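First the structure, in the form of structure tokens, and then the observations on it.
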Amino acid sequence: MDRRGMKRWATYAAALGLAMLGYVARLGLQPVFGANHAYTAFYPVVLVSAYAFGAGPAILAALVSATLGYWCFAAPAHAVKLDADSLTSLGFFAVTSSSAIYLIHGLARAVAATREAQARAETLAKAHAALFGELNERVTNHLQLVAALLQLQARDEPDAAARKALGEAAARTMLISKTHRSIAGEGGELLDFDAFARQLLEATLSARANPPLRVEFEQGGLWLSSEQATSVAIVLLECLNARLASEDPGVMRIGLRADRGIGSLRIIEIERPLDPIAPRGASLIDAMVEQLRGRFSSRNAAEGRVSELTFPLEGGHGQRRALEATLH
């Protein structure tokens, strides 16, 4: 017999045990009730059986209780009784028990159906919430991509008025992206930006036919919300584009750190003197720095051009160890 069958028979055994318990209780009350109230102690037995075990065990409990009450406690005891009083009491117990079993079993089924419907609704709601969150994330990322494309177009636009208009459009698109993300809400999960940056730069260099640029990551680590990760990634790509625009790309050393609620992206470009990165007009770096509420600086130092982005971390942050590695 399988577990389900054993459990079913256990409910019948439990209902029978309740009927015996009712018999013992009624037997103990015999000095008080005498020949009256032959079935009173058995009503709780039927009600509990119907609620706890279901219709089948409750019917068994009602039949056993009716038999015990009729044979043992209705006067005269231990004899067949066909008088109107005995049959009326027995019939009333049968009708009352049947009604209670029907109502309680129906209510139990309704509650079970409601629970199943609620579980299905919760599962469906979670699935829809996940899809909605993914859709919001994609819309936000696409808006940021549109802003980047507008800025790239503005940089190559010879007409000053058109360049200014494209720059303003890029900045406003970034503002719309930020507003959309704020309204849609964040999931609260943080992104390992160290790993994300490695994959991003590797894909970018591969898409550009692997130019002679060596990218190294310093020991450190940075965890960011998806919004901040997108903004920092765009700043990193702008610095990468500035480096690739030079005749000798050389080496870029990238450091990512979090300290006392402040995140930092530090890029050191060595081997060849370069002019500091100085964005002009409504640059994409300026838009990202404004979105991050941070600061960006670029200067020449003994080790090379040093560009640094600092910004306050949002939604918590973490730091982990990362071994120095070379991408390309």
Side-chain angles (χ1 to χ4, degrees), residues 1-134 185-189 316:
M1 184 182 296
D2 59 5
R3 172 178 286 183
R4 186 175 180 181
M6 293 179 61
K7 184 177 180 181
R8 181 182 179 185
W9 284 111
T11 60
Y12 281 92
L16 187 59
L18 284 177
M20 293 299 102
L21 183 62
Y23 170 78
V24 173
R26 180 61 182 83
L27 192 63
L29 293 171
Q30 182 64 18
V32 179
F33 290 159
N36 300 317
H37 309 290
Y39 306 99
T40 301
F42 295 103
Y43 283 110
V45 172
V46 177
L47 297 177
V48 172
S49 298
Y51 178 78
F53 308 128
I59 292 173
L60 175 63
L63 291 175
V64 174
S65 298
T67 302
L68 291 173
Y70 176 82
W71 185 257
C72 299
F73 302 110
H78 307 106
V80 176
K81 296 166 279 289
L82 300 176
D83 59 284
D85 290 342
S86 298
L87 294 179
T88 300
S89 299
L90 178 61
F92 184 79
F93 177 77
V95 171
T96 305
S97 298
S98 300
S99 300
I101 292 172
Y102 175 78
L103 292 175
I104 294 175
H105 181 62
L107 290 174
R109 291 183 61 182
V111 170
T114 302
R115 288 178 179 174
E116 292 180 1
Q118 183 179 1
R120 290 194 299 267
E122 289 179 354
T123 302
L124 186 62
K126 290 179 181 179
H128 286 175
L131 291 175
F132 185 71
E134 183 179 356
E186 287 278 43
E189 297 182 358

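Count residues from 1 along the sequence. From a predicted model like this one, the values you see are computed outputs, not experimental measurements.
The two residues V46 and A58 make their nearest non-hydrogen contact at O-CB, 4.2 Å. Heavy atoms only, all atoms of each residue included: R26 and H37 are closest at NE-O, 2.9 Å. The heavy-atom pair separating A61 from S49 by the smallest distance is CB-OG, 3.6 Å. Between T88 and A84, the shortest heavy-atom contact is OG1-O, 2.6 Å.
Among residues at least two apart or in separate chains, ring pair (Phe, Tyr, Trp, His ring centres under 6.0 Å) pairs with a member in residues 43-69 are Y43-F93.
The OG atom of S97 lies 10.5 Å from the CD1 atom of I59; values are rounded to the nearest 0.5 Å. Atoms CG and CG, from L103 and L47 in turn, are 10.5 Å apart once rounded to the nearest 0.5 Å. Atom CZ of F42 is separated from atom OG1 of T40 by 9.5 Å, given to the nearest 0.5 angstrom. Taking CD of Q30 as the reference point, atom SG of C72 lies at 9.5 Å (rounded to 0.5 Å).
With sequence neighbours excluded, the residues forming a ring pair (Phe, Tyr, Trp, His ring centres under 6.0 Å) with F73 are Y23, listed by chain and number. By the side-chain contact (heavy atoms from CB on, under 4.5 Å) test, A74 is found to be paired with A38, K81, residues two or more places apart in sequence or in another chain being considered. Scanning for side-chain hydrogen bond (donor to acceptor under 3.5 Å, both in side chains) contacts around D83 gives S86, with sequence neighbours left out. Applying the side-chain contact (heavy atoms from CB on, under 4.5 Å) rule to V64 yields the partners L16, A19, M20, L60, L68; only residues at least two apart in sequence or on another chain are considered. Evaluation of the ring pair (Phe, Tyr, Trp, His ring centres under 6.0 Å) rule for Y70 yields no partner, not counting sequence neighbours. Listed by chain and residue number, nothing satisfies the side-chain contact (heavy atoms from CB on, under 4.5 Å) test with P31 (two or more places apart in sequence, or in another chain).
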Pairs under 3.5 angstrom only: tabulate donor-acceptor contacts from the side chains of residues 104-116 to other protein residues two or more places apart or in another chain.
unit_1	atom_1	unit_2	atom_2	d
T114	OG1	A110	O	2.8

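The environment of CZ in F92 is sparse: at most 12 heavy-atom neighbours from other residues, nucleotides or ligands sit within 6.0 Å.
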Exercise for the section: Kindly indicate, with the supporting measurements, whether the criterion side chain to side chain contact (heavy atoms under 4.5 Å, CB included) is fulfilled by V45 and L21. Expected result: CA-CA 8 Å; V45 172; L21 183 62; 5.8 Å; no
